[in-house]
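Below you'll find the structure, written out as structure tokens, and then a few comments.
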Amino acid sequence: MTTNIAMENAPKKKKRKSLGSRLGTTFLYAILIVQTIIVLVPVIWIVGSSMNPGNSLYGSSLIPKNPTFAHYIELFTKTDFPIWYMNTLKIATLTMIFSVIFITMTAYVMSRFRFKGRKQGLMIMLILQMFPTILSMTALYVLLWQMNLLNNHWGLVLIYVGGGIPYNTWLVKGYFDGIPRSLDEAGRIDGASNLTIFRKIILPLAKPIITFVALTSFTGPWMDFLLPRLLIRSAENKTLAVGLYEWVTGQQNTKFTLFAAGAILVAIPIIILFAYLQKNIVEGLSSGASKG
Amino acid sequence: MKRGKKSALLSALFMGLGQLYNKDYVKGIFFAALEAFLLIFTIPYFQKAMWGLITLGERPLYYQNGIAKGDHSLILMIQGIIAVLLLFIIILVYLINIKDARSVGNAYEAGQKPLGLAAIVKHIWEKYFHFVMLTPAMLSLIFITLLPILVTVSIAFTNYSGPNHLPPAKLVDWVGIENFKDLAGLKMWNTTFLGVAKWTIIWATLATVTNYFAGLFLALLVNANKIKFKKLWRGIFIIPYAIPGFLSLLVMRLMFSGPGAINGFLASLGIEKIAWLSDPLLAKTVIILVNLWLGAPYFMVLMSGVLTNISKSLYEAADIDGASAWHKFTKITLPMVLFSTAPYLILSFAHNLNNFNNIYILTDGNPVNAAFKYAGHTDILITWIFKMTYDQYKYHMASVITIIIFLIVASISAFAFSRTKSFNEEDMIQ
């Protein structure tokens, strides 16, 4: 990414850098390093804690004196952690798949079809989803109870998918709008149906935004703890967020080092995904923005 | 009377009648069977649901031969609202049926033969493709988004609260606008409301502004020409955005707690322990700082995208004119960035107004504020609502405040969304 921006103050043509410019560069690097430390200290601390013998995080130094992997082993042999992991993986994956299907469908219609109330409908969708959800939970609880989906992973998936449609539709629609209409027309002349145009022309061209939506639809349920805490009752259906939260909050729950180890195993797949998909994230985040 | 109008009238009388009259048997039988089914099987359901919604139950929990019986007001209310929504969908189908009967009548008059089943399906798929595709979104909007809103709004007009009106042991009643009057009139409520609202706005403003400019700063830094290994730096700074938020917050809570890592570090330097999360002002500062750690990467990523889109020729022209770096920043970079990201700035503000996790996980809203009812120093409106419901069972007041927050957040967001690319210019792009 070679952008010419304001921080630059040395003209390019001058090959040999002046002392002032070199000092400036050093200063910039110094800031970068300080920032890096700020970003990484909590991360290193939690990694260190996860390898700290005993139960307590308190007083532990950044890097433990006798590092141990005992907590990681304990996670998989003595706790429900593997079950929670599989549960959360299942919920997040299902949410991701169904979200992408329904969101792209809705966004395609919103972008390519013209019908009465389309724009207003989109705005209403966006505004309604801003309603604070704290009290909504009771209503969702009764709804799932009526549908016999309480304490069931599908109930959670249903709510995550439904709840994610408005905002993401708006985001994806913004991206679809940028795909030239002439491609649709060309497809139509070749006799392609709406669904074919959607599948064969629009979707392949929208890969960055679809990747972005898939990613956020996956990480949302992966991190959420309010909803599963209310809707999941039995221990074998619990999710990671709820399980980990219960280990460190409350009076008797002091499995800090175990929490640290679990937290790292939860964060790693997400960090890898983010690192791998950096470019799509940049594009995805700004696809609804106004044009610069 | 014209045949179309007559058919429509017949179908209004009983679904499918108009279609049958025009010898369109496929659709006629379908609609007639649907109405017959609804009449035979669903009337008792709707009757009970409406009774529940209106009365909210007549007899609280009691035991008969050891079996729990009685009405649960809240469940009755929610079931009633679900029934109203279902009824709304049925009415919609009814209207479609009438409209269809009219067109079937007209087609008959024009001498067209009714379509067969396969042809009908094909016709719907082609002509009403967009409605078919929108159905899942519509249904989820109605039942997952709208239903909870209607329930919350309804609760604001009841006395649903502990200890005297808490189902299943007690019944809940409709009370009209009593709760809104109480919020405005009773001192114990409005002192807390104003106090908490003030901090909520300060919090949302500071959280948004600090994140925004820190993100801009990071983006400028990483994208500066002199800096090498841009990908590496960006990769590092993106880490807080990638770590699940609730985990970071829990870790920060542990780090800042009394015997936590930060005080441990200070102790090793010979500095006394600091009560980070028990002093009101310090706790608020910590919340803002932690939020900065969590939120700045989001804006960094967003701004990186925007910065690369600023035309280089602008800077080249500025260079020719001998503009200073500061001048280029204030006259080119900043206006361009602000213009492109203004909607995000506003949306982020709206999001922070309701940022439950940051406050609840980090401080629980503590330290306690004796002057407030059920709220601590760092509580924002949304966490106050949470405490009011889950700890205090004051659902009625919590609903009133939820509605107020929603009205504020909704108007801010509507303004922001209406200014985005996704809403405007859409037909200009070809």
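Residue numbers start from 1 in every chain, and the chains themselves are labelled A, B, ... in the order their sequence lines are given, proteins ahead of strands. On a predicted model such as this, the values are computed, not experimentally measured, just so you know.
- For T383(B), the side-chain hydrogen bond (donor to acceptor under 3.5 Å, both in side chains) criterion is met by D379(B), not counting sequence neighbours.
- Only the side chain of T152(B) comes within contact range of chain A, with at least one heavy atom under 4.5 Å from a heavy atom of that chain.
- The two atoms that bring P148(B) and A139(A) nearest to each other are CA-CB, 3.7 Å, heavy atoms only.
- Neither the backbone nor the side chain of Y141(A) comes within contact range of chain B, judged by heavy atoms closer than 4.5 Å.
- Using a 4.5 Å cut-off on side-chain heavy atoms (C-beta onward), F237(B) and I38(A) make no contact.
- Minimum heavy-atom separation, T106(A) to A137(B): OG1-CB, 3.6 Å.
- Using a 4.5 Å cut-off between heavy atoms, L277(A) makes no contact with chain B at all.
- For a residue to count as touching a neighbouring chain, one of its non-hydrogen atoms must lie under 4.5 Å from one of that chain's; by this rule V43(A) touches chain B with the side chain only.
- Taking the centre of each ring, F246(B) and Y245(A) stay at or above the 6.0 Å mark.
- Side-chain contact between W293(B) and V41(A): absent, with no pair of heavy atoms (C-beta onward) separated by less than 4.5 Å.
- Heavy atoms closer than 4.5 Å to chain A are found in both the backbone and the side chain of I382(B).
- If you measure heavy-atom distances from L218(B) to chain A, the contacts under 4.5 Å come from the side chain alone.
- Residues L40(A) and I239(B) have side chains in contact (heavy-atom distance under 4.5 Å, counting atoms from C-beta outward).
- Other residues, nucleotides and ligands contribute at most 12 non-hydrogen atoms within 6.0 Å of the OH atom of Y276(A).
- Under a cut-off of 6.0 angstrom, the local environment of OH in Y390(B) is crowded, with over 12 non-hydrogen atoms contributed by other residues, nucleotides or ligands.
- Counting heavy atoms of neighbouring residues, nucleotides and ligands inside a 6.0 Å radius, atom CE of M123(A) exceeds 12 of them.
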Could you walk me through whether F102(A) and M133(B) pass side chain to side chain contact (heavy atoms under 4.5 Å, CB included), step by step?
CA-CA 8 Å; F102(A) 291 133; M133(B) 294 284 265; over 6 Å; no
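- For a residue to count as touching a neighbouring chain, one of its non-hydrogen atoms must lie under 4.5 Å from one of that chain's; by this rule S399(B) touches chain A with backbone and side chain alike.
- Contacts of Y360(B) with chain A are made by side-chain atoms alone, with heavy-atom separations under 4.5 Å and no backbone atom involved.
- Both the backbone and the side chain of Y241(B) come within contact range of chain A, judged by heavy atoms closer than 4.5 Å.
- At a 4.5 Å heavy-atom cutoff, L314(B) makes no contact with chain A through either its backbone or its side chain.
- Using a 4.5 Å cut-off between heavy atoms, I271(A) contacts chain B through both its backbone and its side chain.
- Heavy atoms closer than 4.5 Å to chain A are found in the side chain of T389(B), but not in its backbone.
- If you measure heavy-atom distances from L347(B) to chain A, the contacts under 4.5 Å come from the side chain alone.
- Between F113(A) and F131(B), every side-chain heavy-atom pair lies at or beyond the 4.5 Å cut-off.
- For a residue to count as touching a neighbouring chain, one of its non-hydrogen atoms must lie under 4.5 Å from one of that chain's; by this rule Q146(A) touches chain B with the side chain only.
- Side-chain contact check for F143(B) versus M147(A): every heavy-atom pair is 4.5 Å or farther apart.
- Proximity to chain A (any heavy atom under 4.5 Å) is restricted, for L141(B), to the side chain, taken from C-beta onward.
- I238(B) touches chain A through its side chain: at least one heavy atom from C-beta onward sits under 4.5 Å away, while N, CA, C and O do not.
- Summarising the geometry of G163(A) relative to I144(B), their closest heavy-atom pair is N-CG2, 4.1 Å, with the distance given to 0.1 Å.
- Counting heavy atoms from C-beta outward, V266(A) and I243(B) have side chains that stay 4.5 Å or more apart.
- In this structure, the portion of M252(B) lying under 4.5 Å from any heavy atom of chain A is its side chain and not its backbone.
- Side-chain contact between V409(B) and F131(A) is absent, with no heavy atoms from C-beta onward closer than 4.5 Å.
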Kindly determine whether Q79(B) and W145(A) satisfy side chain to side chain contact (heavy atoms under 4.5 Å, CB included), including the steps that lead there.
CA-CA 11 Å; Q79(B) 287 174 328; W145(A) 174 63; 3.9 Å; yes
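- Nearest approach of A242(B) to I270(A), heavy atoms of both residues: O-CG2, 3.0 Å.
- No part of I272(A) comes within reach of chain B, as not one of its non-hydrogen atoms sits under 4.5 angstrom from that chain.
- Remark: side-chain polar atoms of Y29(A) are paired, donor with acceptor, to backbone N or O of K228(B) under 3.5 angstrom.
- Neither the backbone nor the side chain of F176(A) comes within less than 4.5 Å of any heavy atom of chain B.
- Counting all heavy atoms, side chain and backbone alike, P136(B) lies closest to M105(A) at CG-CE, 4.0 Å.
- Contact check for V301(B) versus F274(A): no side-chain heavy atoms found under the 4.5 Å cut-off.
- Proximity to chain B (any heavy atom under 4.5 Å) is shown, for L195(A), by both the backbone and the side chain.
- Neither the backbone nor the side chain of L139(B) comes within contact range of chain A; no heavy atoms are under 4.5 Å apart.
- When heavy atoms are compared at a cutoff of 4.5 Å, L74(B) approaches chain A solely by way of its side chain, counted from C-beta outward.
- The shortest non-hydrogen separation linking F406(B) to I127(A) is CE1-O, 3.3 Å.
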